[in-house]
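Contents: one structure, followed by commentary.
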Amino acid sequence: MSTDATLSFEEAMEKYDPVLGFEVHVELNTRTKMFSSAPNVFGDEPNTNVNEVDLGMPGVLPVVNRTAVESSIKIGLALNCKIAESCTFARKQYFYPDTPKNFQTSQYEDPIAYDGYLDIELADGTLFRVEIERAHMEEDAGKLTHMGGAAGRIQGADFSLVDYNRSGVPLVEIVTKPIEGAGSRAPELAKAYVAAVREIVKNLGVSDARMERGNVRCDANVSLRPHGRERFGIRSETKNVNSLRAVEHAVRYEIQRHAAVLDSGEPVIQETRHWHEDTRTTTSGRAKSDADDYRYFPEPDLVPIVASREWVEELRATLPEPPAARRKRLQADWGYSDLEFRDVVNAGVMDEIEETIAAGASASVARKWWMGEIVGRAKNADVDPGQLGVRPATIVELNKLVEAGKINNKMASEVLDGVLAGEGTPAEIVEKRGLAVVSDDGPLLEAIDAALAAQPDVAEKIRGGKLQAIGAIVGGVMKATRGQADAARVRELILEKLGVEG
Amino acid sequence: MTDTNELIRLSAARLAEKLRAGEVTSVQVTQAFLDRIAAVDGGERGVNAFLHVNTEEALAVAAEVDAIRAAGGAAAEELHELAGVPIAVKDLIVTIGQPTTAGSKILEGWHSPYDATVVKRLRAAKMPILGKTNLDEFAMGSSTEHSAYGPTRNPWDLDRIPGGSGGGSAAAVAAFEAPLALGTDTGGSIRQPGAVTGTVGVKPTYGSVSRYGAIAMASSLDQIGPVSRTVLDSALLHQVIGGHDPFDSTSLPDPLADLAAAARLGSVDGMKIGIIKELHGEGYQAGVENRFNESLDLLKEAGAEIVEVSCPNFKYALGAYYLIMPSEASSNLAKFDGVRYGLRVLPEEGPLTIERVMGATRAAGFGDEVKRRIILGTYALSAGYYDAYYGSAQKVRTLIQRDFEAAFAQADVLISPTAPTTAFKLGEKLNDPLAMYLNDVATIPANMAGVPGLSLPGGLADEDGLPVGIQLLAPARQDARLYQVGAVLESLLENKWGGPLLAQAPELAGSTETQEAK
């Protein structure tokens, strides 16, 4: 595989102005498929969630899933789009074995939602408006697995397997207008835009929005033009960039690659590109031109979808609070500083903190646990913090144990490990691991005597009023009790013993 | 017991009466038709109406009906009016338990895992399915010569075509191999075979019978409908298969009218019947024209007012049809690629890529007429040609709809010959597609506008003694009018002939030997 030349990002930015465009496919989490009654379920045995419609059997006809239409309207409304009063489906025709009818039923000329926008908040709080061209309904294709070739690619494969479980899963494709003016923040904007779309569809409850399962998939278009020129350059379309990080990296890489091509005096080739996560580069896919002939024509088996204004308003009334407004409200409610709140958002634990507070924790306790204990563990385990398995009730229970003086913070952290290891509830783990704070003064006094005896010079200093020296004795006691003593109580007892006023 | 030779000549309505009265059993009736099929359908000079005979299942359903009837009580009371009356199904309509080929090699041996909605309704009515009938491959043709399984012969003259694409269903009914059959009509495939075989065929209003399970040729034109020997029989069958189906998005929500009542009412008194100026005269065989005029006279005598209407845009119908139909067909037939079901052919040489396997499969599996229409449709939908071809054709469609609206403002029902000629000879037009296409000139406008049409026997042409069809057309959703007027004309004509037209059909070679047939 040859490597393409690239310019440094800084140099590319000096010479050129990037224009972006995104096509984000969102898989809806409807109970059944877009045009059939087969279940829409991820991860089942191949070719089990199919019926005659999904397999394109002779004689079958599609029937539009009403819930999918409602979900699409909700997405359109959340993207500030207009909703078409009447819209149709068309057939996009091409022969490929993952498409059972050899055409995809998709909206073409008249999408259900159009002319919207989304205000994207960048990391430093800057707002950037991305214009939405359209959001249209279509069906997903089946999944091909190429066997015998290198790296699962079709080239060189001995044969291919098709799983039609995904065939007919409802999709909404969200297409932006060309995004100009992002400049050197283009990669960051790319990531933030896809993150915002993902957040919206998740918040609406219309998609599971899990990028690792392909619920949200992004095709990123990039072109460059010299500063000051109005006409767009030739674009490349990097397909299936399926993580937020990858979106940022792919846009950055394509900017650098385009810049090198333009610098060499060659034209950029209009083509699709494949993203490679391992090398963080793209390679050439198939040449694509606007003249690709899909022989679109209106789907004669379906009647137009009529979205009455009453229905649209009914759906609008069910929309949850938009994510940006929600963030503003939560920050105010919780009393976090801008920095604290941004860290929480960037760590992806805002929902978790909200749930933890709802379960009875204070805002500061919830933040302390999620940011202080859980985010780090999630990073080590390479999963999202929310996927680690910590339930809000666990945090509330842990915090109660600390506040009651039953365990200290260090023990609480150990108990959390126990919870994650599946050893039981915090109370059970405290019991099993014998982690209770030692509050019976008897054993403590013994340990204090031993510590004082071991360090007579320190004891003397304390008696002489040098109270800061007490840390050495407390440390000795804590060590002897393997951290199970309540340090404050130890200090009290030492002072008592030595007859010094604290 | 009634003589089987007499039994198979009874109408479905009459058979149903005899079954209800206990004069005959469904097993006897069903066996009589199976015997007839065995006697006249096979062999070198056989009718070849059937691609598959469903003996075992048909007799089992018949026996079930007989058992219910014998037991009496509520279950017997609840039996459908046509329970136990057998039927043949065009092999474009999918059935569990029998092969469905669409008359094509590409589906040879394929068994559908599901039943078409109309088949479900036949089963619910407990009508024994005798088998699957021959057709032009994927219903593309007007002669049934384009079947991959050999042509069907016209029972009136075995050297002539039975019409198409539903020649199998029409010939089966005309040859007394079945009292009823299902057909599909995209541009005349029920009505034109009805005309040339002396039978009745109805294309219902688009959307009034579910298309779910009918292998699509042109989705916006296709419609399933009844084939029978009498107008009342078609009405009875139409009521079995019609009505809303949630599996077909183009299915109308309307409740079905009482079509059999309309047929039994049979009145034209005070009705205005419109002759379509553009659908007779020049280009129509003299014998066809004579029989047509005779029918007009009879209707006038019965109290109808005959008016002339003009549909100036009908002259564009055939041209527009031959853009819309192939365009949709090219898309509908894309699924036959050898990947999931049916024939799979590997290329004889070169690499085994999916494109090449698909190509080899389609090259070997489709016949010439199918390929011709796929190529035509693919071209018409191509970028740069879409507006000129598909787009313009859709505009013509609107104009045809307006012509119908204007015509129905002046007349309750329209009338024309069903086809410009009687049955032509096998092979006569096989190499002249345009001449073949012209046979549908009078039937296509109804499909383009979605309105219902009925063809009934109008007598025999003077010059060749072959059946002529009379077509009635009604506004969309007014199918009942077709049966009401059709029944009158049928009765007037039969009075004139002294019995059904089919009584004049020549005896088929095997027709007297039914007793020996297995």
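In the text below, chain A, chain B and the rest are named by the order of the sequence lines, each starting its count at 1. Heavy-atom basis, side chains included; hydrogens, waters and symmetry copies ignored.
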Verdict with reasoning, B:Glu355 to A:Phe95, per side chain to side chain contact (heavy atoms under 4.5 Å, CB included): CA-CA 8 Å; B:Glu355 287 85 359; A:Phe95 281 84; over 6 Å; no

Between B:Thr378, B:Ile93, B:Val339, the one whose heavy-atom pairs under 4.5 Å with chain A are most numerous: B:Thr378

Top contributor to chain B interface from A:Val162, A:Leu55, A:Asn51, A:Val64 [non-hydrogen pairs under 4.5 Å]: A:Leu55

Chain A contacts, top residue of B:Ala218, B:Ser219, B:Ser327, B:Pro113 (heavy-atom pairs, under 4.5 Å): B:Ser219

Region of B:Ala116 in contact with chain A, defined by heavy-atom distances below 4.5 Å: neither

Nearest-0.5 Å distance, CZ of residue B:Phe336 to NZ of residue A:Lys101: 13.5 Å

Spacing of B:Leu352 atom CG and A:Phe159 atom CZ [to the nearest 0.5 Å]: 13.5 Å

A:Val63 versus B:Pro246, closest heavy-atom pair with distance: CG2-O, 3.3 Å

Heavy atoms of other groups near A:Ile269 CD1, more than 12 under 6.0 Å: no

Nearest heavy-atom neighbours spanning B:Tyr386 and A:Pro298: OH-CD, 3.2 Å

B:Leu381/A:Gln93 under side chain to side chain contact (heavy atoms under 4.5 Å, CB included): CA gap, chis, key distance, verdict: CA-CA 10 Å; B:Leu381 289 178; A:Gln93 311 196 68; 3.5 Å; yes

Neighbour count above 12 (heavy atom, 6.0 Å) for A:Lys177 NZ: yes

B:Arg340 side chain vs A:Pro100 backbone, donor-acceptor pair below 3.5 Å: yes

A:Tyr114, OH: over 12 other non-hydrogen atoms inside 6.0 angstrom: yes

Side chain, backbone, both or neither of B:Thr353 within contact of chain A (heavy atoms, under 4.5 Å): neither

Interchain contact, B:Ser331 with chain A, by part (heavy-atom threshold 4.5 Å): both

From CZ (A:Arg91) to CD (B:Glu328), nearest 0.5 Å: 7.0 Å

CZ/A:Arg309: more than 12 non-hydrogen atoms of other groups inside 6.0 Å: yes

Heavy-atom contact with chain A under 4.5 Å, split by part of B:Asn332: both

Interatomic spacing from NZ in B:Lys335 to CG in A:Asn102 - rounded to 0.5 Å: 10.0 Å

A:Asp293 side-chain N/O to B:Ser382 backbone N/O, donor-acceptor pair under 3.5 Å: no

Side chain / backbone / both / neither for B:Tyr390 at chain A, heavy atoms under 4.5 Å: side chain

Value rounded to 0.5 Å, distance of CG in B:Asp248 from CG in A:Asp301: 7.5 Å

Step-by-step side chain to side chain contact (heavy atoms under 4.5 Å, CB included) determination, B:Tyr212 to A:Val60: CA-CA 6 Å; B:Tyr212 195 74; A:Val60 298; 4.1 Å; yes

Heavy-atom contact with chain B under 4.5 Å, split by part of A:Phe297: both

Reported OH-to-CD1 distance for the pair A:Tyr96 and B:Ile354, which is rounded to 0.5 angstrom: 9.0 Å

Interface residue of largest heavy-atom contact number with chain B, from A:Ser36, A:Pro300, A:Pro58, under 4.5 Å: A:Pro58

More than 12 heavy atoms from other groups under 6.0 Å of NZ on A:Lys143: no

